[in-house]
Amino acid sequence: MPLIEIAGLTRAYPVGDEVLVVLKGLDLSIEEGEFVAIMGPSGSGKSTLMQILGLLDRPTSGAYRLQGRDVSRLTDDEGAVLRSRTIGFIFQMFNLLPRTSALHNAALPMIYAGGTDRDARARQMLELVGLGDRLGHAPNQLSGGQQQRVAIARALVNRPKILFADEPTGNLASDQAEDILRELQRLNASGITVIMVTHEPDIAAHARRVIRLKDGRIVADERNAPQPPAAARGAAAASGGAGGDLRPPPLGWAEMREYAASALRAMSANKVRSALSMLGILIGVAAVIAMLAIGRGAQRAVEARLSGLGSNLVILIPGSTGYGGVHGGSGSFSRFTLDDVKALAKVPHVLRAEGNVSGSAQIVYKDQNWNTQIIGATALYAPMHSDAPYFGRFITDDDDRRLDRVAVVGRTVLKNLFTDPALNPVGQTIKINHADYRIIGVLPVKGSTGFRDNDDEIIVPLRTGMKRLFGKVYLDYIWIEADAPGAIDGVMDAVEVLMRRRHHLPDFKDDDFSQRNMSDIQAALTGTTKTFTLLLGFVAAIALLVGGIGIMNIMLVSVSERTREIGLRKAVGAARRAILSQFLIESAALAAVGGTAGIALGIAVSLAVSHLAGWAAVVDPGSVLLAFVFSAGTGVVFGLWPARKASLLSPIEALRYE
Ligand code: ADP
Ligand code: MG
């Protein structure tokens with residue numbers, strides 16, 4: 001059985017409206033172990049024939065049997081698998097991967113064949129062609145002859161039965177050409193069938209058989225030397241076959257590593273371009289991470305503050321809620337008095353009630369001054385709001401009765417007034433609106449609620465606040481505490497009835513006050529958080545879309561720039577799936593690097609914001625992971641089209657691409 005057998009083989013190219021017939025019905029049979037030179041004038045169809053024989057191209061008509069198997073109608077992937085098992089190809093233009101070591105170049109076909117021990121085998125082949133001392137050299141660090149020898153090592157690495165060489169010495173000086181020819185002869189002597197295209201008659205003289213092509217036909221077929229010894233032929237025949245299953249091997253770790261490395265090489269070869277194309281994803285991810293962290297920090301603080309307030313509290317404020325706002329009533333304000341507080345405290349299930357006034361004032365201590373919120377409160381305020389001072393004491397009923405000028409201050413106020421941290425603030429005298437007040441205690445730290453700092457406040461006795469500080473006759477609001485969470489609704493109903501009666505409101509009038517309990521506030525807060533999260537999701541989606549388009553754009557550029565590389569990878573046995581995976585991994589890596597940088601930037605921004613503005617930012621590991629997965633996913637989604645485009649390239653057209 002001949003190794004190669006073709007009958008009536010034609011190949012025609014459509015050129016414009018015409019059809020150019022390049023091969024016009026060839027019959028040829030080549031035995032195992034032969035060394036065949038194909039000669040002929042330029043344009044006679046030599047390369048076209050080699051490409052068909054080498055399964056890089058398909059005949060237009062006619063039969064091609066390789067080791068007895070009809071291969072004229074193989075699919076792309078079947079061709080790739082058969083190529084990687086039986087065929088080695090050497091091109092005139094070497095076609096090595098740039099910026100990649102000789103060792104890696106030589107090992108490339110084994111990645112697609114799923115071979116193990118790739119480096120050892122590639123090293124062995126490079127030593128065989130005399131490049132044992134150039135393993136780490138990139139193509140631009142090798143002479144032309146050395147590059148061609150790397151290409152030969154690459155062609156041999158999968159133990160092919162047939163070696164095709166299309167003008168392998170066409171780009172070499174004559175002494176280097178001699179070298180390469182001797183190499184091919186040696187390989188032929190070891191049992192590999194060699195089919196070589198050449199222009200040089202003296203090179204052809206090395207071959208045992210010379211086939212001459214002219215204008216798409218075989219015009220001569222001469223034998224210069226007898227067939228090789230049977231031993232060599234037997235050895236070659238023993239290895240592999242064209243039979244069996246031609247499915248590409250599944251994607252393995254070695255292959256993934258190769259693609260990741262190739263992605264990194266591509267990125268570092270075009271650093272600025274890659275960085276710019278990641279920018280969209282980077283900024284988007286950073287913005288989302290930072291906003292999430294700050295938003296979550298704010299929410300935590302509010303929740304902590306609310307739980308600190310106790311869930312049984314109801315606040316009674318003047319003005320109806322009729323128009324959405326608190327003061328939306330038609331100008332009629334309710335006026336809360338201390339008698340109201342006394343009456344409210346007697347409502348069933350009310351544990352205690354306490355009225356407050358509040359306003360802002362200027363505080364001075366020596367040469368420091370600060371503007372803050374002042375709350376006028378009674379002794380009940382501390383237990384109702386978990387606000388008992390850590391040190392010093394809270395306001396007492398006596399302070400209140402005597403209209404004493406005493407103050408319990410928050411941490412932020414202290415920080416801004418007392419520059420000396422060693423100074424005990426309790427006992428010091430500060431000025432509030434030009435009057436002296438003695439500090440009697442320091443409030444516990446409460447943190448911030450979103451944009452509001454809860455430690456930026458001072459508490460003074462209620463009556464001191466009303467009469468001395470603000471000149472107020474009425475209370476600003478009243479806190480009511482129910483004795484159990486379940487009693488809140490009943491208490492609120494009873495409070496409404498009581499207050500309407502005390503304010504002599506006729507039936508046709510709306511309440512001139514309104515009440516809020518903590519679960520109302522909690523619900524409002526949750527609503528805000530939901531809106532915020534939705535908005536963030538929207539921002540993230542737009543950022544990823546913009547980032548993804550940037551990546552798709554750069555991947556399309558990359559595919560067309562590397563068309564020859566894709567052609568080469570396919571020529572040495574890469575199936576469609578392999579090329580698809582390579583470019584998908586590359587775009588995912590690009591997006592993931594951008595996403596990671598974005599995460600780092602986002603965390604840095606939220607830390608900086610929480611440091612500078614004093615808000616607690618909470619970076620949630622879940623959202624970081626999510627951001628990473630989503631940005632890599634964006635790379636996959638937006639890389640799909642460019643990668644598919646690459647995988648569908650025909651190997652021979654890609655190799656010819658300019
Ligand atoms: P050579 O014998 O010099 O290697 P080729 O086999 O490369 O010749 O080409 C043979 C003929 O086929 C040439 O005339 C060339 O113009 C034509 N040809 C090769 N490839 C194509 C193509 N893709 N489309 C159209 N014509 C082609
Ligand atoms: Mg040619």
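Keep in mind that this is a model prediction, so the values were computed, not measured. We count ligands from 1, going down the list as the structure has it; atoms in each ligand are counted the same way.
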Q: Could you please spell out the steps behind the salt bridge (Lys or Arg N to Asp or Glu O under 4.0 Å) verdict for Glu127 and Arg123?
A: CA-CA 6 Å; Glu127 277 161 5; Arg123 186 178 299 120; 5.2 Å; no
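- Taken from CD in Gln51 to CZ in Phe91, the straight-line distance is 8.5 Å, to the nearest 0.5 Å.
- Closest heavy-atom contact between Asp119 and Leu103: O-CD1, 3.8 Å.
- For the pair Leu55 and Gly79, the tightest heavy-atom approach, listed with the atom from each and the gap, is CD1-O, 4.3 Å.
- Closest of all the heavy-atom pairs between Val559 and Pro642 is CG2-O, 3.6 Å.
- For Gln141 (side chain) and Ala138 (main-chain N/O), a donor-acceptor pair under 3.5 Å exists by modelled atom type.
- Between Arg154 and Leu568, some side-chain heavy-atom pair lies under the 4.5 Å cut-off.
- Sorted by chain and number, the protein atoms of type N, O or S within less than 2.8 Å of the Mg ion (ligand 2) are Ser47 OG.
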Is there any protein N/O under 3.5 Å from an N/O of ligand 1, and what does the full list of such pairs look like?
unit_1: ligand 1; atom_1: 2 (O); unit_2: Ser44; atom_2: N; d: 3.3
unit_1: ligand 1; atom_1: 2 (O); unit_2: Gly45; atom_2: N; d: 3.0
unit_1: ligand 1; atom_1: 2 (O); unit_2: Lys46; atom_2: N; d: 2.8
unit_1: ligand 1; atom_1: 2 (O); unit_2: Lys46; atom_2: NZ; d: 3.0
unit_1: ligand 1; atom_1: 3 (O); unit_2: Gly43; atom_2: N; d: 2.7
unit_1: ligand 1; atom_1: 4 (O); unit_2: Ser47; atom_2: N; d: 3.0
unit_1: ligand 1; atom_1: 4 (O); unit_2: Ser47; atom_2: OG; d: 2.7
unit_1: ligand 1; atom_1: 6 (O); unit_2: Ser47; atom_2: N; d: 3.4
unit_1: ligand 1; atom_1: 6 (O); unit_2: Thr48; atom_2: N; d: 2.9
unit_1: ligand 1; atom_1: 6 (O); unit_2: Thr48; atom_2: OG1; d: 2.5
unit_1: ligand 1; atom_1: 20 (N); unit_2: Arg656; atom_2: NH2; d: 3.4
unit_1: ligand 1; atom_1: 23 (N); unit_2: Arg656; atom_2: NH1; d: 3.1

(Q) Run the salt bridge (Lys or Arg N to Asp or Glu O under 4.0 Å) test on Glu653 and Arg656 for me, step by step, so that the C-alpha distance in whole Å, both residues' side-chain angles and the decisive distance to 0.1 Å come before the verdict. (A) CA-CA 5 Å; Glu653 272 163 32; Arg656 277 213 209 103; over 6 Å; no
Q: Please assess Arg209 against Glu31 for the test salt bridge (Lys or Arg N to Asp or Glu O under 4.0 Å), listing each intermediate value before the final yes or no.
A: CA-CA 11 Å; Arg209 179 179 175 189; Glu31 300 293 323; over 6 Å; no
